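Notes follow once the structure below has been shown.
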4 protein chains.
Amino acid sequence: MTSRSGDEEVAQRGRPTGNHEAKRAELLKAATSVIAQEGYANASLRKVAKRAGYTTGAVTYYFANKEEMVIALAESRFDNYDAMLEAIQGEGDIKTLVNSWLKTTVGDPEFWPVMSELLAHGRHDPALARVIAERYARYRDIYASILAAAQAQGTIRDDIPADLLADQLSAMGDGWTMMSPIEPERFTPQRVRELVDAVIALIAPVSGGRREAGS
Amino acid sequence: MTSRSGDEEVAQRGRPTGNHEAKRAELLKAATSVIAQEGYANASLRKVAKRAGYTTGAVTYYFANKEEMVIALAESRFDNYDAMLEAIQGEGDIKTLVNSWLKTTVGDPEFWPVMSELLAHGRHDPALARVIAERYARYRDIYASILAAAQAQGTIRDDIPADLLADQLSAMGDGWTMMSPIEPERFTPQRVRELVDAVIALIAPVSGGRREAGS
Amino acid sequence: MTSRSGDEEVAQRGRPTGNHEAKRAELLKAATSVIAQEGYANASLRKVAKRAGYTTGAVTYYFANKEEMVIALAESRFDNYDAMLEAIQGEGDIKTLVNSWLKTTVGDPEFWPVMSELLAHGRHDPALARVIAERYARYRDIYASILAAAQAQGTIRDDIPADLLADQLSAMGDGWTMMSPIEPERFTPQRVRELVDAVIALIAPVSGGRREAGS
Amino acid sequence: MTSRSGDEEVAQRGRPTGNHEAKRAELLKAATSVIAQEGYANASLRKVAKRAGYTTGAVTYYFANKEEMVIALAESRFDNYDAMLEAIQGEGDIKTLVNSWLKTTVGDPEFWPVMSELLAHGRHDPALARVIAERYARYRDIYASILAAAQAQGTIRDDIPADLLADQLSAMGDGWTMMSPIEPERFTPQRVRELVDAVIALIAPVSGGRREAGS
DNA sequence: TATGAATGAGTCTTCATTCAT
DNA sequence: GATGAATGAAGACTCATTCAT
């Protein structure tokens with residue numbers, strides 16, 4: 001009661017400690033929603049501040065500049081994604097896993113829009129590009145190891161090395177990420193289900209046993 | 001020939017000879033290279049004009065506004081792409097075709113960067129989005145018909161409907177389009193070759209005969 | 001048939017003479033309608049040219065610059081007004097006269113809007129101001145002489161010098177000219193009729209014979 | 001006191017003391033004088049800012065856009081006018097009242113010029129038009145009630161309904177408002193006095209008792 | 001810790017004007 | 001006589017950033 005705080009709900013008494021991170025997170029949440037709705041280019045610090053209920057100065061107080069904010073945002077999004085992957089990793093077969101993954105990502109309506117904005121902006125922000133590249137590399141590793149395990153179990157085809165398969169699946173995901181905001185009407189739940197099923201079919205085991213890609 | 005002709009230093013005034021469409025194309029070329037290098041957000045009319053050797057006013061003389069310019073740009077890029085597809089469409093088997101396609105697109109170093117910028121910006125420019133959606137629909141149709149023909153010939157798997165297959169391949173292409181500018185070092189010629197081979201393997205005929213996806 | 005032209009309808013054969021003035025008038029007509037609809041500030045030479053079916057260059061060919069065009073426009077409008085005044089001047093009593101005047105001016109829907117734009121812009125264009133001042137002086141003289149005649153006939157009050165009366169009536173007209181575009185709904189035909197009747201009443205003869213204003 | 005305080009030359013940054021409304025008023029004052037001198041069309045934000053000793057950005061900080069600034073300006077001018085009317089409303093007879101009104105309005109050399117600019121611009125700015133229409137309606141009501149009271153007292157003519165009379169007088173005022181900047185030499189103090197006296201005469205009681213206008 | 005006033009560079013856009021053809 | 005390409009200055013507006021308080 002005397003000092004330890006952290007709960008925003010509690011009426012602030014005494015010296016608030018550890019609020020710094022909380023405030024940053026709050027700002028980041030606001031930034032997420034602004035970027036998701038209006039895109040990176042239209043996400044001014046003023047708008048972010050306003051959405052969070054703060055003033056412009058607050059944003060520049062918590063973040064050295066816009067770039068730093070965006071990077072912090074990217075890191076936090078990726079951290080979320082990490083947690084999500086962690087959560088579903090145990091799941092049995094590939095199909096269940098893909099479906100869990102799909103359900104979680106579409107569950108957050110800001111997930112894809114923000115991701116595509118970050119990806120697009122990354123091209124012109126080296127620091128952001130570095131963050132993205134690092135995380136993506138890790139995801140591809142994770143995917144690859146999942147796929148490799150599945151290959152070992154014989155539940156998916158093993159004629160294509162797991163890392164290439166991971167690359168292909170990631171690319172598909174990114175492609176849909178980019179296109180869905182442009183032609184949302186094309187991505188009906190029905191169509192998405194078909195696409196997912198087709199992906200499953202695509203990577204299903206082939207009868208002829210192990211064959212190397214390109215051979 | 002005897003009379004002193006205007007140096008480039010001298011501001012051009014009055015009515016020079018020259019064809020309207022040619023000038024527009026010239027400006028579009030400048031816009032292409034600026035967008036490819038600096039991205040849509042940083043491609044100010046000033047920069048475009050400067051790169052073409054004109055003043056800002058000239059750009060707004062040829063294009064009502066920035067949006068119209070970008071749309072004209074997209075349209076012209078897609079026209080190029082149409083021509084390219086036309087040229088390679090006759091090619092025999094899928095592998096040759098994919099390779100031709102790859103060679104042509106990587107032949108133009110501005111192709112992927114500009115495409116990814118347009119895609120990313122399309123999300124915030126409904127008119128551009130419409131153009132992209134229309135063209136993409138056509139491309140998917142073309143891909144699908146090519147794939148369907150190949151399925152009929154038995155050169156690729158027929159357990160996944162051609163349109164879904166087309167969607168998957170398009171998405172992969174878009175995904176790589178987005179990522180290659182962010183981590184160019186990952187897309188070495190060697191890796192690209194492997195990825196392409198893996199795609200070929202992915203869609204190669206499966207021994208078990210026709211199976212419906214998702215079943 | 002060999003040379004005399006002037007009719008725009010006739011297919012142009014041989015050397016067209018006297019077309020210069022006709023073209024100017026055409027351009028002026030276009031300028032009138034643009035200014036009436038969009039106001040002086042928004043009446044760019046491009047718009048004027050376009051409305052007349054010409055190019056920008058044509059306008060600057062026929063008029064040294066925008067100011068000259070506006071002045072020519074003002075002169076031509078005032079010439080029209082002169083002709084109109086001329087036409088109704090003979091009319092019998094004041095009431096008939098006022099009604100004729102009203103009918104003619106409201107008959108041309110561009111009359112008041114253009115007039116108010118010119119008046120407003122005149123303040124910042126000395127040459128235009130001069131034109132307006134001259135013409136207005138003449139109108140006040142005409143009004144004054146009409147009013148003086150009516151005073152002599154005893155059909156209107158003579159306790160206020162005709163020139164002051166003319167000033168007052170002009171001012172009222174200008175005032176309504178200015179306000180009608182701002183609150184058009186206030187100037188219903190019914191209200192206008194009442195206002196006109198009230199003006200007639202205002203200047204009707206007073207029983208007490210001649211009295212000097214202010215005394 | 002010992003330490004060197006900032007000169008006016010030094011660009012002001014950071015958060016100075018000072019009240020938001022006061023600064024707004026300051027900018028409005030600058031806007032008033034620019035508009036009075038150069039007209040609405042020539043009153044760029046740059047000029048306004050400069051006159052107030054700020055940069056353009058400061059103006060757009062205090063006002064969302066130019067339109068909002070002009071409306072705030074109009075509003076404040078009308079508020080002044082309200083106060084003025086309030087102050088003189090008690091005055092005895094019409095003549096004294098008119099003279100007080102006149103004295104106050106000509107006391108502010110920016111009053112008429114700004115008013116005429118606002119009126120003229122109102123035609124092309126619906127939001128401004130609304131403000132003007134509302135205020136004007138109120139003024140006409142006030143004038144009408146003053147005139148009605150005078151009619152009841154028998155100090156002015158009662159053969160014309162007070163609201164029509166108010167309309168006529170307002171219109172005259174507006175007409176002179178518009179013309180005085182165009183031909184200022186015409187509005188000598190002497191002439192103004194005569195015009196005012198003529199107005200008094202115009203609305204003086206008529207001997208013949210109550211007559212309805214237009215009958 | 002947080003505010004919010006103010007900057008200044010930049011954006012797109014509009015336009016009268018010029019002038020080679 | 002008429003065109004229309006191009007200029008260049010100006011306009012309104014946006015925004016990341018700075019900083020006194």
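On a predicted model such as this, the values are computed, not experimentally measured, just so you know. Order of the sequence lines sets the chain letters (A, B, ...), proteins ahead of strands, with each chain counted from 1.
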Problem set entry | Nearest listed nucleotide, side chain of B:Thr60, among F:dT17, E:dT14, E:dT3 | E:dT14
Exercise. Of all the nucleotides listed (F:dT3, F:dG1, F:dT14), which has the minimum atom distance to the side chain of C:Tyr61?
Worked result: F:dG1
Problem set entry | Set of salt bridge (charged side-chain N to carboxylate O under 4.0 Å, His left out) partners for C:Glu110, sequence neighbours left out | none
Seminar exercise, completed: Of the candidates E:dT13, F:dC13, E:dT3, the side chain of D:Lys66 sits closest to F:dC13
For this session: Could you check C:Gly57 against B:Glu67 and say which one's nearest nucleotide on DNA chain E is further toward the 5' end?
Result: B:Glu67
For this session: Could you check how far CG of B:Leu27 sits from P of F:dA6, rounded to whole Å?
Result: 8 Å
Exercise. Phosphate oxygens OP1/OP2 of E:dA6: is one of them under 4.0 Å from a side-chain N or O of D:Lys23?
Worked result: yes
Problem set entry | Those residues that, when tested against D:Glu26, pass salt bridge (charged side-chain N to carboxylate O under 4.0 Å, His left out) (two or more places apart) | none
Problem set entry | N or O in side chain of B:His20 less than 4.0 angstrom from F:dG4 OP1/OP2 | no
Problem set entry | Stem segments of DNA chain E by first residue number [Watson-Crick or G-U, under 3.5 Å, at least 3] | E:2-21 with F:2-21
Seminar exercise, completed: Checking F:dC13, F:dT3, E:dT18 against the side chain of C:Thr55 (C-beta onward), the nearest is F:dT3
Exercise. Taking atom P of E:dT14 as reference, at what distance in whole Å does atom CG of B:Leu45 sit?
Worked result: 11 Å
Exercise. Quick one: B:Phe63 CZ to F:dA6 P, roughly how many Å, whole number?
Worked result: 12 Å
Problem set entry | Spacing of CG belonging to C:Leu45 relative to CE belonging to C:Met69, to within rounding of 0.5 Å | 5.5 Å
Exercise. Checking A:Lys23 against A:Tyr61: charged group under 6.0 Å from the ring centre and within 45 degrees of the axis?
Worked result: no
Exercise. D:Pro113 versus C:Arg123: any side-chain heavy-atom pair under 4.5 Å?
Worked result: yes
For this session: With rounding to the nearest 0.5 Å, note down the distance linking CG in C:Asp125 to CD1 in C:Ile71.
Result: 5.0 Å
Exercise. CD of B:Glu68 versus C1' of E:dC12: gap in Å, rounded?
Worked result: 14 Å
Exercise. So what does A:Ala64 hit on the nucleic acid, given a heavy-atom distance under 4.0 Å: a base, only sugar-phosphate, or nothing?
Worked result: nothing
Problem set entry | Contact check, side chains of B:Leu28 and B:Phe63, non-hydrogen atoms, under 4.5 Å | yes
Exercise. Could you state the CG-C1' distance from C:Asn65 to E:dT18, rounded to the nearest angstrom?
Worked result: 13 Å
For this session: Could you state the atom-to-atom distance from NZ of A:Lys50 to P of F:dT14 in whole Å?
Result: 12 Å
Exercise. Can D:Glu117 and C:His124 be counted as having a side-chain donor-acceptor contact under 3.5 angstrom?
Worked result: yes
For this session: Output yes when at least one side-chain N/O atom of A:Arg46 is less than 4.0 Å from OP1 or OP2 of F:dA16, else no.
Result: no
Seminar exercise, completed: The nucleotide from E:dA16, F:dA6, E:dT3 with an atom nearest the side chain of A:Ala58 is E:dT3
Exercise. So what does D:Ala41 hit on the nucleic acid, given a heavy-atom distance under 4.0 Å: a base, only sugar-phosphate, or nothing?
Worked result: nothing
Problem set entry | side-chain N/O A:Ser44 vs F:dT14 OP1/OP2, d < 4.0 Å | no
For this session: Can you tell me the distance, in whole Å, between the NZ atom of B:Lys47 and the C1' atom of E:dA9?
Result: 13 Å
For this session: Using whole Å, report how far CE of A:Met69 lies from P of F:dT17.
Result: 10 Å
